[in-house]
2 protein chains.
Amino acid sequence: MTAPLHEAHPAGPGRALPDTQQGMRRRNLARVMHAVSAQGPLSRAAVASRIGLTRAAVSTLVDELIRSGLLEELGPERPGRRVGRPGSALAVSGHGPAGIGAEVGVDHLAVCAVDLRGEVRARAVRYGANRGRPPEPVIEELAGLVRRVVAEAERAGLWPAGLAVAVPGLVARDARTVVRAPNLDWHDTDLGALLPVEYPLTVGNEANFGALAELWLGDGTPRDFLHVSAEIGIGAAVVVDGALLRGTRGFAGELGHVPVRPDGPKCPCGGRGCLEQYAGEEAVLRAAGLEPGEDRVGLLAGRAAEGDEDVRGALHDAGTALGIALTGAVNLLDPESVVLGGALAGLAPWLLPSLEAELDRRTAGPACPVAVSRLGSEGPLLGAAHSVVRAVLDDPAAVAERA
Amino acid sequence: MTAPLHEAHPAGPGRALPDTQQGMRRRNLARVMHAVSAQGPLSRAAVASRIGLTRAAVSTLVDELIRSGLLEELGPERPGRRVGRPGSALAVSGHGPAGIGAEVGVDHLAVCAVDLRGEVRARAVRYGANRGRPPEPVIEELAGLVRRVVAEAERAGLWPAGLAVAVPGLVARDARTVVRAPNLDWHDTDLGALLPVEYPLTVGNEANFGALAELWLGDGTPRDFLHVSAEIGIGAAVVVDGALLRGTRGFAGELGHVPVRPDGPKCPCGGRGCLEQYAGEEAVLRAAGLEPGEDRVGLLAGRAAEGDEDVRGALHDAGTALGIALTGAVNLLDPESVVLGGALAGLAPWLLPSLEAELDRRTAGPACPVAVSRLGSEGPLLGAAHSVVRAVLDDPAAVAERA
DNA sequence: CTAATTTGTAAACGGCCATGACGAAATAGT
DNA sequence: ACTATTTCGTCATGGCCGTTTACAAATTAG
């Protein structure tokens with residue numbers, strides 16, 4: 001596939017590829033795909049005005065994309081009240097390449113296929129605790145689901161352009177190796193070796209994929225935000241100018257181990273008073289006087305809704321701790337908003353008051369707005385599948401060669 | 001191996017300009033400038049192999065840059081032991097455009113001119129407390145220094161390509177307005193209106209410019225780091241993949257108000273136990289039993305060197321607080337290193353032990369390395385001047401039109 | 001002094017987008 | 001119903017730009 005195309009400076013050292021006409025063509029093909037994908041069916045003329053090229057140029061680009069099977073001609077538009085010849089509507093193809101997303105959860109596995117239009121065309125889920133199981137059988141099971149989903153997608157006229165796997169843990173920058181997944185008890189596991197597929201494989205952190213889903217699918221989500229999600233640990237993802245901040249080793253976003261009370265209880269990470277000691281699932285359950293077990297989040301939400309004072313108190317305190325940690329993060333990053341996702345989304349009603357109070361109290365100007373994701377637990381899976389789709393939109397020429 | 005997907009989009013909404021041949025030309029001109037600037041004198045053939053274009057293409061690019069006065073032909077190289085015709089060395093011009101940097105400090109003003117080669121060709125400094133003075137007379141004084149430096153630069157055959165001003169406070173994203181500079185007591189001050197110049201003006205935060213100086217001038221500084229600097233307040237700058245993270249409002253990097261002890265002493269920002277309450281200059285002086293006054297940093301360093309236990313204790317505690325705040329930041333950003341700059345650089349010997357201990361103690365794996373800037377207090381001024389130079393290298397065609 | 005190698009330039013070539021013109025297809029007005 | 005107007009998609013032409021190919025110049029190796 002393509003090299004990393006980072007865009008810090010317009011022409012700075014970031015650009016690795018020589019700037020030649022072929023590169024220009026490739027980028028313009030991508031611009032057309034993005035325009036059509038984002039703005040719904042569009043005529044050639046509409047695309048041209050949007051991306052700043054002439055109609056003639058767009059015509060040839062569109063021809064090429066149609067020949068590659070990435071765009072489809074829907075036929076003449078029914079114009080409202082506009083004079084002039086109506087355009088011919090173009091849409092992203094519903095056949096052709098599909099992004100396969102997979103998720104390894106603590107107690108489930110899920111796989112789905114998303115077409116270029118962003119629609120989920122096939123899916124498979126399997127419940128069952130994975131905590132403590134060695135990686136091999138889990139991945140074997142996941143591979144089975146992938147095969148099923150790919151088969152179903154193929155019957156629908158799609159072919160897999162790539163597979164992205166979301167895992168609840170730290171993933172190295174090579175996007176293949178799970179360095180540490182405490183909730184699965186996996187360490188330095190090379191999923192690339194365990195999951196051989198004949199299309200590109202990417203492994204990523206669950207919170208990161210959740211944030212990307214929020215970015216791409218959320219309505220009104222800005223291009224700079226902090227996405228906080230919790231399953232068992234607490235993860236965050238930093239999105240800056242529409243791109244994920246990954247960190248040198250790929251470990252950025254470890255909000256769970258930000259110190260909240262420096263002399264607080266010891267944490268397995270070595271520190272003291274980390275956020276996870278106050279707002280992690282285990283800590284909240286303990287504070288609420290509940291036992292760990294299945295679907296603890298649902299239990300918490302249920303009890304809180306019933307008015308259980310212990311549970312509400314525990315969530316209130318967790319919100320306070322989150323607010324303290326987020327104050328630090330917001331001061332450092334100045335994001336446009338904070339989005340609560342994953343399990344936090346379901347518990348938001350009881351977390352938000354104390355969280356926002358803390359954030360507000362500790363901020364000089366207007367506090368950073370806190371929003372709740374409407375994707376909830378679907379985020380990581382959809383984000384993974386869409387990341388493959390975005391890769392296709394970002395370089396359609398590369399995919400056309402493989403089609 | 002392929003890069004992780006989605007660091008940024010090659011043709012996403014980020015790219016504003018249509019991708020046309022002129023744009024390609026501009027980017028290639030920039031590539032040539034960057035190559036020559038970074039890798040010392042280079043022949044056309046060397047440039048070609050470095051940026052991936054052919055010798056013929058580079059020849060025409062170089063011709064254009066020489067005609068614009070941005071490159072100079074030094075004449076034939078004396079080849080060591082290589083066969084073949086020797087190349088003709090090209091270097092960035094020592095005449096032509098210059099970057100003017102300016103700094104508004106709490107008790108000094110400074111201006112310098114840097115040529116495209118990165119050399120300081122003129123400078124002017126003026127000591128005197130600016131704290132509490134209204135912006136108008138201060139800027140008037142600064143304008144006088146700028147005129148002197150520009151005049152001196154012009155005598156050396158340079159012309160000002162832009163002016164960048166570093167201020168100790170928050171600057172809005174428009175890069176003109178100082179929103180809040182507590183140590184100067186300035187609020188919502190539009191420097192663009194106060195400092196009329198006939199070349200582009202940029203205003204930026206001092207810590208940010210210091211970080212850019214570290215990035216561009218520091219030896220071995222990575223492209224992903226956290227630069228912490230302190231004059232009176234504590235500022236930080238986040239550099240991600242060689243670019244500054246600015247934040248939505250331009251306020252990113254406010255490390256001084258990260259909560260360190262959530263129930264600690266009240267802070268003017270509204271919060272409690274902010275880092276500045278422990279490691280800010282005022283707090284450290286109080287803890288050391290010293291009065292505020294002139295050159296307090298030098299005083300602290302002197303006393304600490306003499307072995308003053310009170311001062312050493314105060315710095316030890318400040319280091320601990322910094323370590324706690326930085327643990328949070330490092331967890332969130334996973335930078336390649338942390339760099340201490342500004343006043344912190346001079347106090348590093350007494351801050352570092354407790355700071356690193358705290359960072360190490362609270363980190364699971366190997367702790368993030370902490371380095372000390374060798375630019376010290378020169379950083380912001382140099383960073384400002386160089387930011388103008390970088391702008392020229394990034395788009396030489398724009399400058400050529402004005403030459 | 002010759003062969004080999006590398007540099008810089010010039011001419012021909014090909015790819016790509018812009019320009020301008022044209023037919024096609026719709027609406028608005030008569 | 002018919003014409004004027006507007007917009008769409010396409011084609012031919014032209015200009016820009018990097019590549020290819022060829023060649024003279026300048027140096028080293030033998």
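Within every chain, numbering begins at 1; the chains are lettered A, B, ... in the order of the sequence lines, protein sequences first and strands thereafter.
- At a threshold of 4.5 Å between non-hydrogen side-chain atoms, the residues B:Ile66 and B:Glu72 do not count as touching.
- Look at CG on B:Leu53: it is 11 Å from P on D:dT20, rounded to the nearest Å.
- Comparing atom distances between the A:Thr60 side chain and each of C:dC17, D:dC11, C:dA26 picks out C:dC17 as nearest.
- A salt bridge does not link A:Arg402 to A:Glu198: none of the charged side-chain nitrogens sits closer than 4.0 Å to a carboxylate oxygen.
- We find that CG of B:Leu61 is positioned 9 Å from P of D:dC17, with the value rounded to whole Å.
- Distance from the side chain of B:Ser59 is smallest for C:dT9 among the nucleotides C:dT9, D:dT10, D:dG18.
- Of all nucleotides listed (D:dT27, D:dC17, C:dC17), D:dT27 comes nearest to the side chain of B:Arg78.
- Per the geometry, CD belonging to B:Glu73 stands 14 Å off P belonging to C:dT7, to the nearest Å.
- Whole-Å rounding puts the B:Arg27 CZ to D:dG18 C1' distance at 13 Å.
- With hydrogens and angles left out, the side chain of A:Arg44 and the base of D:dG9 share no donor-acceptor pair within 3.5 Å.
- Note on A:Ala56: a base of the nucleic acid sits closer than 4.0 angstrom, heavy atoms only.
- For C:dT6, its base never sits under 3.5 Å from the side chain of B:Arg85 at any donor and acceptor pair.
- Per the geometry, CD belonging to A:Glu64 stands 12 Å off P belonging to C:dG15, to the nearest Å.
- Here the C1' atom of nucleotide D:dA29 and the CZ atom of B:Arg82 are 15 Å apart, to the nearest Å.
- B:Thr60 and B:Arg25 form a side-chain donor-acceptor contact under 3.5 Å, judged by distance and modelled atom types alone.
- Both A:Val83 and A:Met24 sit near DNA chain C, but only A:Met24 has its closest nucleotide nearer the 5' end.
- Proximity note for A:Ala57 (side chain, C-beta onward) versus C:dC17, C:dG8, C:dA21: the nearest is C:dC17.
- The local environment of CZ in B:Arg246 is sparse, with at most 12 non-hydrogen atoms from other residues, nucleotides or ligands closer than 6.0 Å.
- A donor and an acceptor atom never sit less than 3.5 Å apart when one is taken from the side chain of B:Gln21 and the other from the base of D:dC17.
- Both A:Gly84 and A:Ser88 sit near DNA chain D, but only A:Gly84 has its closest nucleotide nearer the 5' end.
- Spacing between atom CZ of B:Arg55 and atom P of C:dT5 amounts to 14 Å, rounded to whole angstrom units.
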Applying side-chain contact (heavy atoms from CB on, under 4.5 Å) to A:Thr202 and A:Val388, what does each step give before you reach the verdict? CA-CA 9 Å; A:Thr202 320; A:Val388 177; 5.7 Å; no

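- A close approach under 4.0 Å does not occur between any side-chain nitrogen or oxygen of A:Asn28 and OP1 or OP2 of C:dC16.
- For the pair B:Leu71 CG and C:dG8 C1', the computed distance is 16 Å after rounding to whole Å.
- Inspection of the A:Asp115 and A:His95 side chains reveals no N or O donor paired with an N or O acceptor under 3.5 Å.
- Of the candidate nucleotides C:dT19, C:dG8, C:dA25, C:dT19 has the atom lying nearest to any side-chain atom of A:Thr54.
- Checking C:dA25, D:dG18, C:dC17 against every side-chain atom of A:Arg25, the shortest atom distance belongs to C:dC17.
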